[in-house]
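Here is the structure we will look at.
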Amino acid sequence: MTTSRFSGLLLLTSTAIAGIGCDADPADGHDPALAYYDHPHSFPSGSPFVGSGEEIEHEKVVASPDECGRGRGIDPEGKCVVLNTRELPHGGMVQIPAGKFLRGDIPTRFDGTANREFPYIHWSGQPLREDELPSFWMDGYEVSRRAYAECVAAGKCGEATCRDGSDGRPNREIGKQDLDNFPQTCVEHAQATDYCEWRGARLPSEAEWEFAARGPEGWTYPWGNELRDEIGQTIGPVGYDPLDISYWGLKGFGGNSMEWVADEFDPEANLATYLRGPFRSDTGPLARAEQTYLRTLVCGSADPGCTIGKLGKRYVLKGGRTGQRGGSYQFPANVELAATLPDKSFERTRTIAEHELLGFRCAKDLAPEDVVLESPKPMVSLPLVRQDGNYELFLGVAEAVDRSEAESFCKLLRAPGDPEQGEAGWRLPTLEEIRATYLWFAGPGPFWTVEGAAEQTFVDTQTAEWEAVEPGPDPALLVRCVRTR
């Protein structure tokens, strides 16, 4: 086992990426790959730094675990140590410590305007929920095209092809030497699974991906809580962006490719952990909208006579905000789809199935001889119920619901600490209660109320005005539940 050194890299702009390999003449024997790839491919350990790395103190004596920073763990002797790493031919793996953490996301604003025209789940990552994981191994980067090609050559992986028939290479002139260093995208979920198994690993669970990206402090993005406009979903070589580095020191979680994980996709999986049972109707607005979408996917139109059939499973994909999530299909080989597919999934993400932006990385359980590391930081507290005056508000929101679904949602809701049996007291708010608790209501809505519906009509740094609105025909609004303390 060795410990990798991550020497700081210059940020490559999209213009620089577009020029990779364009000036090199393969005939002269020069490898046109980036200079970074002219050397052994290393992977990060902890925070990025400049220099040879000899100045790093690998075992650090600390007074308490709280003094042990990011990119480190606590070993069985109580020492604060740099995370263990394993070198691989094309990258490597980092040992993620065991620990508790928060999964999911709480948006700062809920705008349900789009659901008036076509209901769908926009915030599938909300709300937060607690989770705990043992220590495990995770790839420091996404799987590269060069690495995946070895599995194909060994006869254990199928060729990766996008739904549009392309190989998913970025829309620019890039030579093969350079392209090999890009993430392998256009893979089916089954192909990603096959590759990881061929390597003696597996696809990570959604929980593992999220903990490896955000750490125990619940970061909104892999690098922290502030959005960085310079990091986007633009494909570049694996590990090329020195700013896109996670709490534990891994790269590519925020930008570059989106990534498959092992879990099947349920857009309300986090929300369901706080409910005693299902609240949606088979004839509700969301169910009807999904059927319309599936008919378009299969038949090219919303014709009610379209027979949908079995489309296979949907699996979770991750990338960008650590707590947000999307779903993408693993279509059966014999499935028949429309000649022209929609350009977005039902939840309006960009990926329906294998896609030019959809890649993966692998994870692995610890071996019996591996030293178990523990997270040095405690999990941040769970801010799921807010108190405001005489009221409590549950910060999770159900989207695209009719009135009966909204009432059922509140009745079935169980926040942390609520009794499993009996009434928990959650209900629809009145308009005046929304006005009294507007700081936590995160409009503009519209939200269901006791009287009908309410929408935020004006907001500035001091005030937020809410007014009653007509739900309209066949409404699909938001619901946030309240109760009196």
Side-chain angles (χ1 to χ4, degrees), residues 114-115 117-125 157-168 184-197 203-206 209 257-272 278-319 324-360 399-400 476:
N115 283 331
E117 297 182 8
F118 188 80
Y120 68 97
I121 300 295
H122 182 72
W123 301 281
S124 64
C157 294
E159 293 281 355
T161 306
C162 281
R163 294 300 302 181
D164 62 5
S166 72
D167 68 354
Q184 178 62 70
T185 59
C186 296
V187 284
E188 300 175 359
H189 190 270
Q191 291 174 322
T193 300
D194 288 345
Y195 172 85
C196 290
E197 290 179 352
L203 278 180
S205 67
E206 182 178 3
W209 191 100
S257 70
M258 295 175 283
E259 300 179 30
W260 285 115
V261 296
D263 305 52
E264 288 188 44
F265 179 65
D266 173 357
E268 294 180 302
N270 286 3
L271 202 60
F279 68 96
R280 290 197 182 273
S281 166
D282 291 340
T283 58
L286 188 69
R288 297 196 306 275
E290 185 172 22
Q291 288 301 302
T292 297
Y293 174 83
L294 293 178
R295 292 188 191 106
T296 304
L297 184 63
V298 173
C299 301
S301 72
D303 180 5
C306 169
T307 301
I308 297 171
K310 295 182 178 180
L311 295 180
K313 295 180 179 180
R314 296 182 78 197
Y315 292 93
V316 175
L317 58 91
K318 302 285 286 183
Q324 188 55 297
R325 50 210 295 279
S328 196
Y329 277 103
Q330 171 67 55
F331 289 120
N334 61 347
V335 71
E336 292 187 8
L337 302 175
T340 302
L341 295 179
D343 60 358
K344 293 182 175 64
S345 73
F346 176 53
E347 290 80 20
R348 298 304 187 255
T349 60
R350 287 176 286 182
T351 55
I352 297 171
E354 51 272 30
H355 188 275
E356 63 184 13
L357 290 177
L358 182 51
F360 69 104
E399 304 176 58

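The chain is numbered in sequence order, starting from 1.
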Under the 3.5 angstrom rule, does the side chain of Glu399 hit a backbone N or O of Trp123 as a donor-acceptor pair? yes
Working to the nearest 0.5 Å, report the span between CZ of Arg325 and CG of Asp263. 8.0 Å
Between Ala400 and Pro285 the two heavy atoms that sit nearest each other are O-CG, 3.6 Å
Return yes if some donor-acceptor pair links the side-chain N/O of Asn270 with the main-chain N/O of Gly125 below 3.5 Å, else return no. yes
Search all heavy atoms of Ala192 against all heavy atoms of Phe360 and return the closest pair with its distance. CB-CG, 3.6 Å
Could you work out, with side-chain contact (heavy atoms from CB on, under 4.5 Å) as the rule, every residue matching Cys306, not counting sequence neighbours? Arg295, Val298, Cys299
From Lys313 atom NZ to Phe331 atom CZ, the distance as rounded to the nearest 0.5 Å: 15.0 Å
Could you tell me whether a side-chain N or O of Arg163 sits under 3.5 Å from a main-chain N or O of Thr351, the two making a donor and an acceptor? no
Give every residue pair that meets the salt bridge (Lys or Arg N to Asp or Glu O under 4.0 Å) criterion with at least one member in residues 278-289, sequence neighbours excluded. Glu268-Arg280, Arg288-Asp474
Does Glu264, at its CD atom, have more than 12 non-hydrogen atoms belonging to other residues, nucleotides or ligands within less than 6.0 Å? yes
In Å, rounded to the nearest 0.5 Å, how long is the span from CG of Leu203 to SG of Cys196? 4.5 Å
Return yes if some donor-acceptor pair links the side-chain N/O of Lys318 with the main-chain N/O of Gln324 below 3.5 Å, else return no. yes
Between the main-chain N or O of Glu354 and the side-chain N or O of His189, is there a donor-acceptor pair closer than 3.5 Å? no
Sub-4.5 Å side-chain heavy-atom contact between Tyr195 and Gln184: no
Please check: side-chain N/O of Ser124 versus main-chain N/O of Pro267, any donor-acceptor pairing under 3.5 Å? no
Relative to each other, are the rings of Tyr120 and His122 parallel, tilted or perpendicular (30° and 60° limits)? perpendicular
Identify, with sequence neighbours excluded, every residue that meets side-chain hydrogen bond (donor to acceptor under 3.5 Å, both in side chains) alongside Glu259. Trp209, Arg361
Thr296: partners by side-chain hydrogen bond (donor to acceptor under 3.5 Å, both in side chains), with sequence neighbours left out: none
Value for NE2 (His355) from SG (Cys186), rounded to nearest 0.5 Å, stands at 8.5 Å
Does Leu297 reach the side chain of Leu341, with side-chain heavy atoms less than 4.5 Å apart? yes
Residue pair Asp303, Ser301: steps toward the side chain to side chain donor-acceptor pair (under 3.5 Å) verdict: CA-CA 5 Å; Asp303 180 5; Ser301 72; 5.1 Å; no
Where Pro119 and Ala289 come nearest, the two heavy atoms and their spacing: O-CB, 3.3 Å
Can you name the residues that form a side-chain contact (heavy atoms from CB on, under 4.5 Å) with Ser281, not counting sequence neighbours? Thr283, Glu405
Nearest 0.5 Å, what's the CD1-OH distance between Ile352 and Tyr329? 9.0 Å
Results of side-chain contact (heavy atoms from CB on, under 4.5 Å) for Glu290 - residues two or more places apart only: Leu294, Phe346
Nearest non-hydrogen partners of Ser345 and Tyr293, listed with the distance: CA-OH, 3.3 Å
Compare all side-chain heavy atoms of Gln330 with those of Trp260 and state whether any distance is below 4.5 angstrom. no
Pairwise distance OG1(Thr349) to CD1(Ile121) - rounded to 0.5 angstrom: 12.5 Å
Do Leu311 and Leu337 come close enough that some side-chain heavy atom pair is under 4.5 Å? yes
